[in-house]
Amino acid sequence: MKRFLLLLLLGAFPLFAQGSKFYLSQTRADLGDAVFIILETEGGAQVRLIEKEFNGQGIKAVYWGTEENTSIVNFKVYRKKLIKYRLTVSAPGRFSVPEIEIEVDGQKVESGMMALEISPRSSTANKSSGFFSNRYFFSEETEGPEDGDLKVLFRTNKDQVWVGEPILGFFTLYYRNAIRPYIDRDFSSSIEFPYFRSEALSGINLLIPEQVIYEGLEFETAVYNKETFILTPLRKGEYSLGSTVFHLEGRQQSFFHMRSIKTVPSKIFVKDLPSPSPSEFKGAIGNFKIGLEEYPKAAFLGEPFQFKLTISGNGNLSSIKDPLLSVCDSPCYPEITYLQTRQQRDFRELGPGEFGFYLNHSYHYSVLPKKEGVWKPEDLKFTFFNPSSGRYESVSLRFPGLEIGPPRPKQEITNENTGNKGGSFLLVSVLLSFVFVGVGTFCVLTLRKKYQAEAILKRLDLWIGSKRGFVLKHSVMTKGLPEEEASLLAGWKSDTAPLTETYKSLGPSSKTTLIRISNWLSDKLKEEGSE
């Protein structure tokens with residue numbers, strides 16, 4: 001496994017080397033093909049065009065645009081900026097590409113000497129002969145690539161982890177002797193994550209090197225980005241993760257009939273936390289810092305006030321419910337009441353080359369002072385296990401002293417509370433009137449939308465009938481529905497529940513997508529019925 005990851009890293013290094021460089025999108029092309037000379041530089045670089053057009057002998061370079069993208073390769077984040085010039089020629093031949101100058105961060109960068117060979121436009125028949133015919137173009141009699149040429153592997157960003165340490169997992173297609181086939185998971189086959197808590201993520205775009213050596217053979221790769229998982233081990237041991245079934249089908253240029261293949265699981269070793277653990281350790285795994293917010297500057301006897309503790313960092317805080325009062329064996333602060341916890345989490349870049357969840361949990365407390373004088377809890381020590389160092393670590397929080405004054409007269413408190421009420425009574429009344437009108441309108445529109453959604457979903461259920469899985473997917477794709485939306489519909493349609501019930505369990509964005517797909521199919525079926 002270590003040798004395998006090393007090969008991935010070595011393969012990715014040239015692709016994302018530092019600095020600015022020019023290159024051609026291809027050095028040989030047919031007349032009329034789109035060919036570009038591209039400057040690749042750092043994503044944060046300041047770029048200024050010196051000229052938008054450069055001319056050479058029988059060839060011209062015209063500015064075509066700038067692209068910026070962020071990629072995650074082997075869990076390292078790279079930002080690139082691509083400046084493109086399209087090369088145009090009027091006749092076949094061998095050309096010297098015009099030398100292009102672009103200013104990057106105040107310094108000129110030159111493309112240097114490059115050559116481009118343009119051939120006459122060849123026919124489709126000629127293109128499908130020779131090497132490409134043997135590798136990519138199959139007749140109806142051929143069966144396509146061998147089974148050993150197609151593999152789906154489950155990959156993780158680490159092969160050794162600690163109990164409670166979250167890791168990233170995803171599926172990757174390995175293929176050879178074919179153009180990249182269509183791939184989708186068999187949703188009727190569950191994924192095996194023994195003794196791991198799993199959470200599926202969407203909208204995560206992962207990349208790995210386009211070619212790798214696996215079992216002594218060179219494969220091309222493609223990440224299955226529809227599903228990315230955060231996995232948290234629950235007990236020590238050695239496990240195989242990601243066993244399930246995928247369906248693969250050839251594209252038009254290298255077609256083969258749909259095949260179902262089992263995934264190659266990922267082997268992972270889970271280590272137990274060092275023993276004995278500190279008495280203050282309550283199960284936090286990661287690297288964290290602690291802070292104090294909304295702490296008052298003054299308080300009065302008999303009047304409650306509130307503050308909150310914040311714990312932020314990357315890792316796993318699921319076991320931490322109350323970092324202040326839970327460290328006491330007996331009620332150490334009878335005047336403090338725990339109120340609630342608010343959890344925020346963001347999947348983003350955590351540090352140089354590290355990608356995962358950034359946590360920000362806030363713990364809210366209320367205090368009712370029992371006596372006058374300075375109120376000051378003892379310093380809070382928060383202990384966690386840091387997987388990077390393999391040790392238990394602690395951070396401390398010192399509470400500032402808070403002066404508790406004598407009870408305030410009731411009249412003063414009443415005046416303070418009612419002084420604002422008189423001036424705002426009219427405003428509140430007007431606002432309440434608008435609220436009532438808005439709520440009534442919202443209820444009417446919501447009920448109308450609900451009935452319309454149920455009607456369109458019932459009609460779609462009747463049309464679907466007994467079609468499920470890939471049969472349903474291919475059926476709606478023949479109607480013109482894009483593959484991604486067809487896969488979503490096939491995943492939502494179950495054997496046990498109608499679409500109206502499935503709709504209720506979906507999130508807001510998924511509900512919108514399902515209704516849009518249903519309306520589109522309904523209109524399509526009406527058009528076909530009227531023809």
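This one's a predicted model, so the numbers in the text were calculated from it and none came from an experiment.
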Residues Gly315 and Leu359: closest non-hydrogen pair is O-CD1, 3.3 Å
Indicate the atoms forming the closest heavy-atom contact of Gln340 with Tyr338, along with that distance.
C-OH, 3.4 Å
Tell me, please, which residues at least two apart from Glu218 pass salt bridge (charged side-chain N to carboxylate O under 4.0 Å, His left out).
none
So Thr232 and Asn316, do their side chains get closer than 4.5 Å, heavy atoms only?
yes
Picking from Phe196, Phe193, Phe246, Tyr224, what satisfies ring-ring contact (aromatic ring centres under 6.0 Å, His included) with Phe154?
Phe193
Quick one: list whatever passes side-chain hydrogen bond (donor to acceptor under 3.5 Å, both in side chains) with Asn519, sequence neighbours left out.
none
Suppose we screen for side-chain contact (heavy atoms from CB on, under 4.5 Å). Which residues come up paired with Arg516, at least two apart in sequence or across chains?
Glu485, Thr513
Could you please spell out the steps behind the salt bridge (charged side-chain N to carboxylate O under 4.0 Å, His left out) verdict for Arg259 and Asp147?
CA-CA 9 Å; Arg259 302 180 187 179; Asp147 289 341; 3.1 Å; yes
Angle class for the Tyr174/Phe219 ring planes (parallel below 30°, perpendicular above 60°, tilted otherwise)?
tilted
Trp375 and Glu403: side chain donor to acceptor below 3.5 Å:
no
Taking atom types as modelled and ignoring hydrogens, do the side chains of Ser394 and Thr383 form a donor-acceptor contact shorter than 3.5 angstrom?
yes
Are the aromatic rings of Phe229 and Phe170 close, with centres under 6.0 Å apart?
no
